Amino acid sequence: MEEKRCAVVTGANKGIGYEICRQLAIQGVQVILTALNESQGMEAVKKLNLPNVISHQLDIKDPSSVARLANFIETHFRKLDILVIIIPKNIHYYKLRMIKLDDKEFRDGGGFVNLVDEKAHLLTHIIKEPYELGEKCLEINYYGTKAVTEALLPLLQLSKSPRIVNVASIYEDLYWFHNDNEKLKEELQDIKTLTKERIEEIIQWFLNDFKAGMLKENGWPLTCCAYKVSKAALNAYTRLVARKFPNIMVNCVHPGYVVTEMTSQTGFITTEEGAKGPVMVALLPDDGPSGVFFDKTQIAPFSSADLKVE
Ligand SMILES: NC(=O)c1ccc[n+]([C@@H]2O[C@H](COP(=O)([O-])OP(=O)(O)OC[C@H]3O[C@@H](n4cnc5c(N)ncnc54)[C@H](OP(=O)(O)O)[C@@H]3O)[C@@H](O)[C@H]2O)c1
């Protein structure tokens with residue numbers, strides 16, 4: 001009899017993560033739905049009402065929480081087959097301001113669709129991007145994802161068909177970096193020479209420029225800058241992991257522009273549709289691609305010449 005696959009989904013008490021759990025469980029996968037808040041995770045499992053979904057607490061930026069999850073998987077399942085990382089939460093970044101505005105102005109302004117640098121000057125009253133929240137965004141999105149990945153890699157190595165799916169964003173496309181940053185774009189794309197240390201130097205370089213008010217001068221993205229840099233760094237990290245562990249299928253997926261709390265319900269598609277790409281990539285056959293970026297269910301470039309949020 002074929003062994004049941006075991007999956008962990010982070011940030012899954014709501015939104016796309018919750019729906020990914022549902023779709024994986026329906027396909028027969030044993031799912032560990034993780035949530036920052038333990039009782040919200042338990043509530044989500046109760047709501048799903050599927051026999052093969054259980055919950056566990058996980059704060060991806062807290063090493064002891066990550067270690068507890070790894071111990072739990074080892075004790076109960078001995079290995080891990082699928083790790084889906086919902087990379088939270090650029091909302092840290094915008095929510096302060098959006099709450100004050102009751103989200104209305106953001107929605108009326110077209111939501112995330114309009115977060116393009118050409119409109120940066122129009123957005124200053126809608127979105128506030130203080131340095132401290134930018135730093136936090138990188139700490140969670142990049143360093144948190146890296147910590148979870150590294151803690152669970154030994155358990156993934158014990159699987160016959162291991163998969164890592166980073167639920168990413170088209171905001172990770174190098175399109176958002178400006179032309180005067182061409183050399184950096186080349187560096188982030190050249191996976192043969194890129195290292196983890198260099199990715200982290202680039203993050204630090206960005207943070208220094210952000211603090212010093214030098215984003216424009218050095219070609220960094222101007223709107224949602226930390227989010228875009230965190231996602232580009234993650235995309236590069238994903239490809240490094242794919243190169244280092246050829247037996248693990250490691251990919252990034254943009255779910256589409258989805259109606260969730262994160263988008264203040266301004267998305268174009270439902271969570272059910274948004275979960276389809278990540279679930280498809282989590283269940284890719286053994287001869288599938290690794291180290292690539294999917295825009296929903298299609299392979300897409302890391303650096304597009306033109307891009308629309310859709
Ligand atoms: N929605 C879209 O249109 C869209 C588009 C492109 C990419 N994405 C990506 O899709 C993913 C999910 O988005 P969503 O729209 O479903 O967002 P969401 O509804 O805001 O869900 C985010 C989840 O992350 C959890 N979280 C926050 N901080 C955490 C931490 N430190 N450790 C573990 N979990 C944490 C949240 O928990 P709490 O509930 O406790 O806060 C929540 O469960 C994100 O990676 C996002 O960047 C979404």
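Side chains are part of it too, since the values below use all heavy atoms of this structure and drop only hydrogens, waters and symmetry mates. Being a predicted model, the structure only gives us computed values, none of them experimental. Residues take their numbers from the sequence shown, with the count starting at 1.
- Between I203 and Y143, the closest side-chain pair of non-hydrogen atoms falls below 4.5 Å.
- Counting only distance, with no hydrogens or angles, the side chain of D81 and the backbone of S159 share no donor-acceptor pair below 3.5 Å.
- Salt bridge absent: K183 and E186 never bring a charged side-chain N and a carboxylate O closer than 4.0 Å.
- With a 6.0 Å radius and a threshold of 12 heavy atoms from other residues, nucleotides or ligands, E38 has its CD atom at or below the threshold.
- Between F294 and C252, every side-chain heavy-atom pair lies at or beyond the 4.5 Å cut-off.
- The shortest distance between side-chain heavy atoms of L284 and N251 falls below 4.5 Å.
- Here the side chains of S64 and R68 are in contact, with some heavy-atom distance below 4.5 Å.
- By the side chain to side chain donor-acceptor pair (under 3.5 Å) test, T271 is found to be paired with no residue, residues two or more places apart in sequence or in another chain being considered.
- Residues I199 and L240 have side chains in contact (heavy-atom distance under 4.5 Å, counting atoms from C-beta outward).
- Residues I140 and Y131 fall within the same hydrophobic cluster, defined by Ile, Leu, Val, Met, Phe, Trp and Tyr side chains chained together at heavy-atom separations under 4.5 Å.
- The main-chain N or O of E197 is never found under 3.5 Å from a side-chain atom of E200 such that the two would form a donor-acceptor pair.
- Side-chain atoms of N37 and N13, non-hydrogen and from C-beta on, never get closer than 4.5 Å to each other.
- Salt bridge annotation for D190-K192: absent, with no cationic side-chain nitrogen under 4.0 angstrom from a carboxylate oxygen.
- Salt bridge status for R22 with E19: present, with a side-chain N to carboxylate O gap under 4.0 Å.
- Under a hydrophobic clustering in which Ile, Leu, Val, Met, Phe, Trp and Tyr are joined whenever their side-chain heavy atoms come within less than 4.5 Å, directly or via other members, L153 and L58 fall into the same cluster.
- One hydrophobic cluster, built from ILVMFWY side chains closer than 4.5 Å, holds both L184 and L194.
- Side chains of L283 and L24 form a contact here, defined as non-hydrogen atoms less than 4.5 Å apart.
- Put simply, the side chain of N52 gets close to the backbone of V29: a donor and an acceptor are under 3.5 Å apart.
- Not a single salt bridge (Lys or Arg N to Asp or Glu O under 4.0 Å) links K276 to another residue, sequence neighbours left out.
- Results of the side-chain contact (heavy atoms from CB on, under 4.5 Å) test with V84 over I164, V253, V9, T10 single out V9 as the only residue that passes.
- In this structure, the side chain of Q30 does not engage the main chain of R5 through any donor-acceptor pair within 3.5 Å.
- Counting only distance, with no hydrogens or angles, the side chain of S65 and the backbone of D59 share a donor-acceptor pair below 3.5 Å.
- In this structure, a donor-acceptor pair under 3.5 Å is absent between the side chains of Q23 and Q27.
- With a 4.5 Å cut-off on side-chain heavy atoms, L155 and F77 do not count as touching.
- Using a 4.5 Å cut-off between side-chain heavy atoms of Ile, Leu, Val, Met, Phe, Trp and Tyr, with links allowed through other members, L207 and V229 fall into the same hydrophobic cluster.
- Grouping the Ile, Leu, Val, Met, Phe, Trp and Tyr side chains by contacts below 4.5 angstrom, directly or via other members, places F245 with Y237.
- Between the CG atom in N166 and the OG1 atom in T149 there is a gap of 6.0 Å [rounded to 0.5 Å].
- Applying the side-chain hydrogen bond (donor to acceptor under 3.5 Å, both in side chains) test to every pair with at least one member in residues 281-293, sequence neighbours left out, gives these pairs: S161-D286, R163-D286.
- Counting non-hydrogen atoms of other residues, nucleotides and ligands closer than 6.0 Å to CZ of R78 gives a total of 12 or fewer.
- Using a distance-only test at 3.5 Å, with no hydrogens or angles considered, a donor-acceptor pair links the side chain of K228 to the main chain of T223.
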